[in-house]
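Presented below is the structure to which this report refers.
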Amino acid sequence: MAGFDDPQFYGDSWASVYDVQVGKMDPAPAVAFLAGLAGDGPVLELAIGTGRVALPLAKTGVRVEGLDASAAMVEQMRAKPGGASIPVTIGDMTQVPVSGTFSLVYLVFNSLFGLLTQDRQAECFASVARVLAPGGRFVIECFVPDMTRWDRGQRVQAKAVTEDAATLEVSVHDAVGQRVTTQNVTFDVAGVHLRPVAIRYAWPAELDLMAARAGLELAERFGGWKREPFGPTSDQHVSVYRRA
């Protein structure tokens with residue numbers, strides 16, 4: 001059975017319900033931000049998934065390509081209007097096994113943290129640098145870790161309760177490995193349903209060091225897609241790295 005360390009595990013586990021889970025997230029601010037950096041393109045989305053950002057970005061006229069480890073996720077995108085016209089490579093984003101160079105590579109919604117070791121995250125930066133055109137940008141969206149979320153290395157919370165179902169999020173935290181392992185457990189009339197996810201979080205300064213080792217420099221950092229200032233109270237960041 002595939003496990004957390006299999007690159008396609010998350011996508012295969014969540015593909016059928018992913019759009020429901022993120023349905024309230026408006027991609028418009030991210031699309032506007034990315035379109036402003038795309039130039040003449042093409043651009044590459046790592047972990048393109050079901051096309052939540054790629055499809056509206058392509059509608060602006062940007063030439064978008066994608067990479068994802070999960071064919072099941074990409075099948076969901078293919079079923080949507082415009083989804084069949086976006087070239088997608090199935091592969092590991094630590095390797096970025098694509099042809100050509102790109103003016104912009106982007107990775108949104110904490111997806112970098114789906115690489116579960118520091119080495120794999122650093123390898124992703126190095127592979128992105130290899131496919132960026134001179135002066136090209138690498139944009140990532142990540143949360144800022146909050147250690148108060150866990151009590152003695154664990155957390156349990158109710159995510160949804162209805163007349164006929166309840167969903168709990170059950171997590172354990174490894175502070176040394178900077179790793180969080182979670183089960184989203186739904187109880188309903190049909191039984192018990194599990195949706196697992198694991199992440200390896202990293203601090204902004206750690207990401208900057210990975211970038212520097214790959215030959216990328218931090219050009220800008222914001223507290224969100226609307227270019228909010230980034231500061232000590234920010235709970236997320238949108239970071240723009242530039243290839244020299």
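Numbers for residues simply follow the sequence, beginning at 1.
Take Q183 and apply the side chain to side chain contact (heavy atoms under 4.5 Å, CB included) test, not counting sequence neighbours, and it matches V185, L194, P196.
Here the side chain of R137 pairs no donor or acceptor atom with the backbone of L104 at under 3.5 angstrom. Of the possible donor and acceptor atoms, none in the side chain of D151 sits under 3.5 Å from a partner among the backbone N and O of Q154. Proximity of a side-chain donor or acceptor of S111 to a complementary backbone N or O of L107 within less than 3.5 Å is not detected. Between the side chain of D68 and the backbone N or O of G49, at least one donor-acceptor pair lies under 3.5 Å. Judged by distance alone, the side chain of S234 and the main-chain N or O of G231 form a donor-acceptor pair under 3.5 Å. In this structure, K80 contributes its side chain and T50 its backbone to a donor-acceptor pair below 3.5 Å.
Using a 3.5 Å distance cut-off with no hydrogens or angles, the side chains of R78 and Q76 do not pair a donor with an acceptor. Side chains of Q178 and Q118: a donor-acceptor N/O pair is absent below 3.5 angstrom, by distance only. A side-chain donor-acceptor contact under 3.5 Å links T162 and D164. Using a 3.5 Å distance cut-off with no hydrogens or angles, the side chains of E123 and Q95 do pair a donor with an acceptor.
Legend: ring-ring contact (aromatic ring centres under 6.0 Å, His included) pairs involving residues 179-201, not counting sequence neighbours, sorted by first then second residue: H173-Y201. Residue pairs that meet the ring-ring contact (aromatic ring centres under 6.0 Å, His included) test with at least one member in residues 52-84, sequence neighbours left out, do not exist here.
A pairwise comparison of heavy atoms in R63 and D40 identifies NH2-O, 2.9 Å as the closest pair. When all heavy atoms are compared, the tightest approach of V238 to G224 is CG2-C, 3.7 Å. When every heavy atom of R243 is checked against every heavy atom of P134, the shortest pair comes out as NH1-N, 3.8 Å. G11 approaches S70 most closely through the heavy-atom pair C-OG, 3.3 Å.
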Inset, instruction - Apply salt bridge (charged side-chain N to carboxylate O under 4.0 Å, His left out) to E228 and R221, showing your working. - result: CA-CA 9 Å; E228 300 94 332; R221 172 166 287 140; over 6 Å; no
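Residue F109 qualifies as open at atom CZ: its count of foreign heavy atoms under 6.0 Å is 12 or below. Heavy atoms of other residues, nucleotides or ligands lying less than 6.0 angstrom from NZ of K59 number 12 at most.
Neither L116 nor V197 shares a network with the other; the hydrophobic side chains, linked directly or stepwise wherever heavy atoms of I, L, V, M, F, W or Y lie under 4.5 Å apart, form separate groups for each.
D5 and R120 are not joined by a salt bridge, as no carboxylate oxygen comes within less than 4.0 angstrom of a charged side-chain nitrogen. A salt bridge is defined here as a Lys NZ or Arg NE, NH1 or NH2 lying under 4.0 Å from an Asp or Glu carboxylate O, and R227 with E220 meets this definition.
Aromatic rings from Y10 and F4 are positioned such that their centres are separated by 6.0 Å or more. Annotation: F138 is not in aromatic contact with Y106 [ring centroid separation under 6.0 Å not met].
Annotation: cation-pi pair R130/F125 absent, no NZ/CZ under 6.0 Å from the ring centroid and within 45° of its normal.
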